[in-house]
Amino acid sequence: WMPHWQRFFGLLEERALGTVQLLRANADAIAVGLGTVRADDPQLTARGKIRPRVAPMRVVFDRNAETPLEASLVRTARDTPTMVFAHHPAVARLAALHNAGVDVFEAEDVPTALEALRGFEVQHLMVEGGARTLGAFFRAGRTAAQSYSGFADWDLVARIAAHIQSLVPTLQPGVTA
């Protein structure tokens with residue numbers, strides 16, 4: 001026997017997980033930051049009943065290329081394309097990740113990384129987080145608007161970013177992904 005509220009929230013959780021898998025299946029790439037890799041060791045793959053039209057690339061925003069070599073993303077990089085975007089990473093880290101099958105790219109900021117992803121024909125990027133990565137995307141909205149050629153309501157992005165920054169201190173200006 002399970003209380004009514006637990007059944008209700010269990011159904012919501014199941015439905016939410018199904019929605020996440022649907023979103024993943026329709027993305028060309030799925031992105032997280034280093035903090036999420038360290039905290040959750042995500043697979044960043046589409047799972048479940050829905051099959052993706054293409055296997056989404058996995059993207060990690062990791063300023064110093066410190067993604068752990070034992071992370072699931074790294075261990076399976078030869079099977080599923082995995083990219084790390086870093087800014088002036090150490091040569092030893094580049095070599096270690098490259099030897100594990102991870103492609104490491106130089107990107108000073110989010111707009112630069114998005115431009116690189118566009119070169120890989122990524123049109124639908126799902127940014128799963130965490131807070132610093134999402135904050136970096138929100139803060140980059142105004143800058144990216146100048147060179148972004150797709151569809152986005154950057155004024156709405158700026159309003160959302162301002163609202164979130166008022167609620168979550170980790171998204172204050174100056175915090176980088």
* To do: Can you tell me which residue pairs pass the ring-ring contact (aromatic ring centres under 6.0 Å, His included) test with a partner in residues 33-60, sequence neighbours excluded?
  => none

* How would you list, by chain and number, every residue that makes a salt bridge (charged side-chain N to carboxylate O under 4.0 Å, His left out) with R53, sequence neighbours excluded? -> D28

* Asked: Hey, what do you get for OG1 (T82) to CG (L73), rounding to the nearest 0.5 Å?
  -> 6.0 Å

* Structure fact -> The reported gap from OG1 in T112 to CZ in F85 (rounded to nearest 0.5 angstrom) is 9.5 Å

* To do: List for me each residue that meets side chain to side chain donor-acceptor pair (under 3.5 Å) alongside T76, sequence neighbours excluded, and say none if there are none.
  => R58

* Among V59, T133, L134, V37, which residue meets the side-chain contact (heavy atoms from CB on, under 4.5 Å) test with V32? -> V37

* For the pair M57 and V122, evaluate side chain to side chain contact (heavy atoms under 4.5 Å, CB included) and give the outcome as yes or no after the intermediate values. => CA-CA 9 Å; M57 286 187 277; V122 172; 3.0 Å; yes

* Determine yes or no for a side-chain-to-main-chain donor-acceptor pair under 3.5 angstrom, with R118 supplying the side chain and A113 the backbone. => no

* Asked: Side chains of N26 and Q21: closer than 4.5 Å at any heavy-atom pair?
  -> no

* Is a side-chain N or O of D62 found less than 3.5 angstrom from the main chain of T67, in a donor-acceptor match? -> yes

* Closest non-hydrogen atom pair, A31 against L125 -> CB-CD1, 3.9 Å

* Decide whether L34 and I30 are clustered together by the hydrophobic rule: side chain heavy atoms of Ile, Leu, Val, Met, Phe, Trp, Tyr closer than 4.5 Å, transitively. => no

* Structure fact -> Heavy-atom closest pair (V60 atom, G33 atom, distance to 0.1 Å) is CG1-C, 4.2 Å

* Asked: By side chain to side chain donor-acceptor pair (under 3.5 Å), which residues pair with T36, not counting sequence neighbours?
  -> none

* Asked: R75: what forms a salt bridge (charged side-chain N to carboxylate O under 4.0 Å, His left out) with it, not counting sequence neighbours?
  -> none

Can you give each donor-acceptor pair under 3.5 Å made by side-chain atoms of residues 95-105, sequence neighbours left out, with the distance rounded to 0.1 Å?
residue	atom	partner	partner atom	Å
N99	ND2	A95	O	3.2

* List the atom of A65, the atom of P89, and the distance in Å for their closest heavy-atom pair. => CB-CB, 3.5 Å

* What orientation do F137 and F61 show, parallel under 30°, tilted 30 to 60°, or perpendicular over 60°? -> perpendicular

Contacts under 3.5 angstrom, residues 38-46 side chains, donor-acceptor by atom type, not counting sequence neighbours:
residue	atom	partner	partner atom	Å
R38	NH2	E66	OE1	3.3
D41	OD1	S72	N	2.7
D41	OD1	S72	OG	3.3
D41	OD2	S72	OG	3.1
T45	OG1	R47	NH1	2.9

* To do: Measure the spacing between NE2 of H87 and CD of E108 and express it to the nearest 0.5 Å.
  => 4.5 Å

* Can you name the salt bridge (charged side-chain N to carboxylate O under 4.0 Å, His left out) partners of R24, sequence neighbours left out? -> E128

